[in-house]
Each structure stands twice: as structure tokens, then as C-alpha cells.
**Student:** 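Here you go, one structure.
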Amino acid sequence: MTSKPLIAITGASSGIGEATARAFSAAGHPLLLMARRLDRLAALGLPNAVLKKVDVRDRTAIADAVRDAEAIHGPVDMMFANAGIARLGDIAKQPPEEWDEMIDINAKGVMNSVHAVLNGMIARKTGTLMMMSSIAGRKVYPDHTVYCGTKYFVHAISESLRAYLAPHDVRVIVLSPGIIDTEVLDHVKDETTLANYKANKAAIGGGISADIVAQRILDAYQLPQRAIVQEIVITPTRQTY
């Protein structure tokens, strides 16, 4: 067991999840890394990392992963409920199955991640929940309808959880990124939406690195437990929408 507490990250195989894993590893933390692509987790080559193939729609799988990692490295001190998917598209043409997928992963998956660590943090009277939302949880976009709904959900439940957990000294932080250089576009099947997104991204000079976001997460976590950055909103300087 290392001297620093365990950090758990869902969706850790790429993007902001991967960058955050690297940042916390460099800071000396043991890690519980969860994702559907176990080979990608192994390829990170991070020390003191417990790797678990987990789909966040599977509540039991997350709980089992947390139990196994805590047996090695002690209690989870931060859960980064990061896993998510963006099936952007014209709501009138979009297959409802894509709505189901976003709701199950972006909303239910976040709650499953919280559930795995919530009571332990309350009992210990310490801990941090890092909740992945989006700028699309603060603003709505015509071709982001259900995606926006899932991210507004994260904001709403985070506000409620923060009030509930504050007396227990457990922090709830909402992360709301704008356009970041990740694999998010890989999930967009609507060709018009994809073309518009790429055009908007190019018009502002591209996204920003996931490493920048990861450092902000680490900075917020490293504050004294009695201090909280309630929300991190980070976008490219030129992104005004």
C-alpha cells in the first residue's frame, strides 16, 4: 500500500480519463482504472494501478472493482465518474437506441460509480466525487438534445449530492469541459452533425489538450478537504458558445 490514497477513474482508457490517470500517477497515487478496453488500460503502463474491464452500466462490476482495489491500496478517496458517450444527432432522425445508450452510460453510469463509494466516504467523513458533465450541461445545442439532457442530469444530482454530503466533509465537484481533443467524435454517426462539429472546432483553432483538464482536476483535488472548487468549466479561449 502506498502512502497516498487510492484514486478511481471510469473511462480511463482514453481522453480526459487517461490524462487524469497519468496526472495522478505522476503525483504518486495508486489507481483503480476502469474501462471496457482492458488492453488500452494495460498499455498505459502506470505503476500501482489495478486494471478492471468495467462497463459502467454494470453496477455490480463497478462495486467489485472498487472492493478488489481497496483490498490492495485502501479506500477510494476520489471517484472520477468520467465514462461517457456522445451520440450527437438530429433528434427527429436519431435512433432511440442511441438515446438509451447515452442515458444508461452518462446518467445511470455516473450514479453506479457514485454508489460504489458513497457509503464508504460518508463513514470515513472524507472523499471527493468528481462528476463528468460538459459545457452541454450548462448550455443547450440543437443537435445535442439527449446528450444535453444527460449532462444537465449530472449537474442536478451533483448539486443535490453536494448538499447531502457537505456535513460529512465529502466534496462533489462538477467538471464541465468544452471542446477538448479526445475521441468524442468517434461516437457521432450523424454525418451533418459531425461535419458541423468539426467546422466549429476548426473555426476556434481546435480543442485544448486533455492534459490541461487533468491538471485542473488534480489541482482541485489537492486543495485541503475543507475547501472545494464546486465546478470546473474549461474551454478553449475562443469557444464562446
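Residues: numbered from 1 along the sequence shown.
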**Student:** Out of Asp39, Leu44, Leu33, which residue meets the side-chain contact (heavy atoms from CB on, under 4.5 Å) rule with Leu51?
**Tutor:** Leu33

**Student:** Is a side-chain donor or acceptor of Arg87 paired with a backbone partner of Val188 at a separation under 3.5 angstrom?
**Tutor:** no

**Student:** Please answer whether the main-chain N or O of Val54 pairs with a side-chain N or O of Arg36 as donor and acceptor at a distance below 3.5 Å.
**Tutor:** no

**Student:** Out of curiosity, Lys93 NZ to Glu98 CD, how far, rounded to the nearest 0.5 Å?
**Tutor:**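 The distance works out to 13.5 Å.
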
**Student:** Looking at Ala227, is its backbone amide N or carbonyl O close enough to the side chain of Arg171 to form a donor-acceptor pair, meaning the two atoms are under 3.5 Å apart?
**Tutor:** yes

**Student:** Cluster question for you: counting only ILVMFWY and a side-chain heavy-atom cut-off of under 4.5 Å, with indirect links fine, are Val233 and Ile204 together?
**Tutor:**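 Linked, Val233 and Ile204 end up in one cluster.
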
**Student:** Check the hydrophobic clustering (I, L, V, M, F, W, Y; side-chain heavy atoms under 4.5 Å; chains of links allowed) and say if Ile62 and Ile7 are grouped together.
**Tutor:**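 No, it is not one cluster - the side chains of Ile62 and Ile7 are not joined through contacts under 4.5 Å.
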
**Student:** Backbone N or O of Arg138 within a donor-acceptor pair of the Tyr152 side chain at under 3.5 Å?
**Tutor:** yes

**Student:** Quick check against the 3.5 Å criterion: does Asn106 have a side-chain atom that pairs as donor or acceptor with the backbone of Ile85?
**Tutor:**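 Yes; at least one donor-acceptor contact below 3.5 Å.
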
**Student:** If you measure only the distance, is there a donor-acceptor pair under 3.5 Å linking the side chains of Thr193 and His144?
**Tutor:**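 No pair is found: no donor N or O on one side chain lies under 3.5 Å from an acceptor on the other.
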
**Student:** Taking the six-membered ring for Trp, are Tyr221 and His29 parallel (under 30°), tilted (30 to 60°) or perpendicular (over 60°)?
**Tutor:** perpendicular

**Student:** Does CZ in Arg59 sit with more than 12 non-hydrogen atoms of other residues, nucleotides or ligands closer than 6.0 Å?
**Tutor:** no

**Student:** Rounded at 0.5 Å granularity, tell me how far CD1 in Ile234 sits from CD1 in Ile179.
**Tutor:** 13.0 Å

**Student:** Taking Met78 as the fixed residue, which of Ile217, Leu6, Leu129 is the one that meets the side-chain contact (heavy atoms from CB on, under 4.5 Å) rule?
**Tutor:** Ile217

**Student:** Just by modelled atom types, is the Tyr241 backbone N or O under 3.5 Å from a matching donor or acceptor in the Tyr141 side chain?
**Tutor:** yes

**Student:** Can a donor-acceptor pair be found, under 3.5 Å and without considering hydrogens, that links the side chain of Gln225 to the backbone of Gly127?
**Tutor:**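 Side chain of Gln225 to backbone of Gly127: a pair is present.
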
**Student:** Is it true that a side-chain atom of Ser176 and a backbone atom of Ile135 form a donor plus acceptor pair closer than 3.5 Å?
**Tutor:**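 Judged by distance alone, no pair lies under 3.5 Å.
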
**Student:** Is it the case that atom NE2 in His115 sees more than 12 heavy atoms from other parts of the structure closer than 6.0 Å?
**Tutor:** no

**Student:** Sub-3.5 Å donor-acceptor pair from the side chain of Asp143 to the main-chain atoms of Leu88, do we have one?
**Tutor:**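 Between the backbone of Leu88 and the side chain of Asp143 there is no qualifying donor-acceptor contact (under 3.5 Å).
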
**Student:** Establish, yes or no, whether a centroid distance under 6.0 Å links the rings of Phe24 and Phe80.
**Tutor:**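 Distance test on ring centres: not under 6.0 Å, no.
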
**Student:** Before giving the answer on side chain to side chain donor-acceptor pair (under 3.5 Å), spell out for Ser13 and Arg37 the whole-Å C-alpha distance, their side-chain angles and the decisive distance to 0.1 Å.
**Tutor:** CA-CA 7 Å; Ser13 62; Arg37 297 176 293 183; 3.2 Å; yes

**Student:** Count the heavy atoms belonging to other residues, nucleotides or ligands that lie under 6.0 Å from CZ of Arg226, then report whether that count exceeds 12.
**Tutor:**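 No, the 6.0 Å shell around CZ holds no more than 12 heavy atoms from other groups.
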
**Student:** Is Ser158 reaching over with its side chain to a backbone N or O of Val154, donor-acceptor style, under 3.5 angstrom?
**Tutor:** yes

**Student:** Going by atom types only, do Gln215 and Asp211 share a side-chain donor-acceptor pair under 3.5 Å?
**Tutor:** no

**Student:** Look up atom NZ in Lys108 and atom CZ in Phe153, then write down how far apart they are to the nearest 0.5 Å.
**Tutor:**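 Atom-to-atom, Lys108:NZ and Phe153:CZ are 9.5 Å apart.
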
**Student:** Working to the nearest 0.5 Å, report the span between CG of Asp68 and NZ of Lys52.
**Tutor:**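 Those atoms lie 4.0 Å apart.
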
**Student:** Is the NZ atom of Lys201 crowded by more than 12 outside heavy atoms at less than 6.0 Å?
**Tutor:**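 More than 12 within 6.0 Å, yes.
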
